[in-house]
Amino acid sequence: MTALDVVGAVLVVLGALLALAAAIGLLRLPDVLSRMHAATKPQTAGLVLVVVGTALLLRSSADVWMLVLVGAFQLVTAPVTAHLVGRLAYRSGGVRPDLLHRDDLAGRTDRSSPG
Amino acid sequence: MSGRRLPRPRLLRVAWLTLVWVLLWGTFSWANLLGGIVVALAVLLLFPLPAVSSDGGLRPLGLLRVVLDVARDLAVSSVQVAWQSVRPGPPIRSSIVAVEVPDDSELLMALLVECLSLVPGSVVVEASAAERTLWAHVLGAGDDAALARFRRQVDRLAADLVAAGVDRVRVVPDHATRVAAGSDPRDDPPEDPDTPEVRP
């Protein structure tokens with residue numbers, strides 16, 4: 001077992017822990033908008049850590065490039081998903097107003113929706 | 001045809017799609033490369049993207065700085081959200097904050113949405129290109145100090161993106177209007193021109 005194997009294994013475990021925290025967040029956070037935070041940040045970072053760790057463990061080029069693509073597309077697409085879900089959630093009442101300290105969007109969703 | 005159309009963005013698109021194709025195969029061979037170029041050209045012909053004009057272009061070093069900043073912020077905010085998810089106590093309070101985009105470049109707005117969702121504890125809920133404004137949901141911003149901190153982070157991010165020359169890349173308007181067929185393309189961020197409208 002080389003040093004690279006150890007680093008790779010540690011990264012995979014760290015990534016898995018972040019993904020676990022994201023899963024717990026999906027259950028425990030109070031409303032849809034808060035849950036989208038758990039679905040974007042720890043989930044993305046966790047996946048990237050797992051991908052990097054796996055790449056260090058595998059070290060054979062064909063699989064590693066595939067992993068690079070997996071990580072890159074996750075980084076690019078997760079925010080788009082979060083934005084779309086968050087946008088629909090706000091408009092369809094998926095937010096708890098009593099937990100909002102400040103809401104700049106209050107009373108203007110009608111105006112901003114085109115068509 | 002108004003606006004300067006450089007061949008470079010198209011070349012970059014073909015190069016990028018070809019790269020993805022070769023990476024998917026995992027090994028480099030001339031057959032993969034040629035196949036990738038054919039697939040890239042077919043994809044770009046079948047699903048044309050809006051033309052882009054760019055004067056001066058992007059600064060790679062500035063972009064690298066943004067990437068490094070985002071990577072660091074992603075690590076920090078992941079641990080933060082992970083902790084906010086598992087910590088005991090009452091439900092967490094948040095805020096929805098309006099963020100003004102300093103320029104009406106589509107790429108700047110898209111990248112801001114992208115970066116804001118990955119980094120400082122925020123998810124972009126609503127975006128209006130016509131008003132140059134984004135609305136971000138900031139997790140854990142239960143007081144004015146947290147809001148001020150968030151605004152400083154956003155200002156830094158936007159300034160870094162502008163310094164990287166992102167705001168100088170623009171969609172050539174006539175083509176964008178044609179692609180969006182019927183709807184005002186400026187009412188939606190570039191990534192989701194097909195968002196179904198849901199009314200409360």
Side-chain angles (χ1 to χ4, degrees), chain A residues 17-18 20-31 33-34 36-38 40-46 48 60-66 68-69 75-76 78-80 82-93 95-96 99-106 108-110 112-115, chain B residues 20 22-27 70 74-75 77-86 91-98 113-119 121-128 130-131 135 137-144 146-147 182-184 187-189 191-192 195-200:
Chain A
L17 282 177
L18 272 182
L20 174 68
I24 296 174
L26 278 183
L27 289 172
R28 283 205 66 216
L29 289 172
D31 55 16
L33 284 182
S34 303
M36 287 324 292
H37 289 272
T40 42
K41 276 152 288 205
Q43 190 272 127
T44 305
V48 168
S60 76
S61 63
D63 301 322
V64 169
W65 288 122
M66 190 80 79
V68 169
L69 278 185
L75 281 174
V76 175
V80 180
H83 168 60
L84 290 181
V85 175
R87 177 177 161 137
L88 293 182
Y90 187 87
R91 293 183 181 198
S92 53
V95 60
R96 276 176 59 182
L99 291 176
L100 283 181
H101 169 65
R102 177 195 170 109
D103 186 358
D104 287 343
L105 202 49
R108 56 147 291 141
T109 33
D110 276 341
S112 71
S113 60
Chain B
V20 170
V22 173
L23 290 185
L24 279 174
W25 279 99
T27 50
V70 168
L74 175 62
S77 69
S78 299
V79 174
Q80 201 178 318
V81 174
W83 166 241
Q84 283 164 336
S85 304
V86 297
I92 191 162
R93 295 178 61 80
S94 310
S95 292
I96 293 179
V97 187
V113 171
E114 190 92 357
C115 294
L116 283 184
S117 301
L118 285 178
V119 296
S122 56
V123 165
V124 175
V125 179
E126 186 70 69
S128 162
E131 294 168 67
W135 286 268
H137 180 260
V138 189
L139 188 68
D143 52 45
D144 290 337
L147 287 182
S183 72
D184 180 4
D187 274 336
D188 273 306
E191 318 103 316
D192 56 350
T195 315
E197 293 305 327
V198 169
R199 299 197 169 255

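Numbered from 1 within each chain, the chains take letters A, B, ... in sequence-line order. Values in this document were obtained by computation on a predicted structure and should not be read as measured data.
- For chain B, no part of A/A78 is nearby; none of its heavy atoms comes within less than 4.5 Å.
- Taking NE2 of B/H137 as the reference point, atom CE of A/M36 lies at 11.5 Å (rounded to 0.5 Å).
- When heavy atoms are compared at a cutoff of 4.5 Å, B/V20 approaches chain A by way of both its backbone and its side chain.
- Neither the backbone nor the side chain of B/A75 comes within less than 4.5 Å of any heavy atom of chain A.
- Of all non-hydrogen atoms in A/L18 and B/A82, the two that sit nearest each other are CD2-CB, 4.1 Å.
- For a residue to count as touching a neighbouring chain, one of its non-hydrogen atoms must lie under 4.5 Å from one of that chain's; by this rule A/L33 touches chain B with backbone and side chain alike.
- Neither the backbone nor the side chain of A/L26 comes within less than 4.5 Å of any heavy atom of chain B.
- Only the side chain of A/T44 comes within contact range of chain B, with at least one heavy atom under 4.5 Å from a heavy atom of that chain.
- Contact of A/V76 with chain B is made through backbone and side chain together, with heavy-atom distances under 4.5 Å.
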**Study point:** Derivation of the side chain to side chain contact (heavy atoms under 4.5 Å, CB included) call for A/M66 and B/L23
**Key:** CA-CA 6 Å; A/M66 190 80 79; B/L23 290 185; over 6 Å; no
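- When A/L29, A/L20, A/L17, A/V68 are compared by the number of non-hydrogen pairs under 4.5 Å with chain B, A/L29 comes out ahead.
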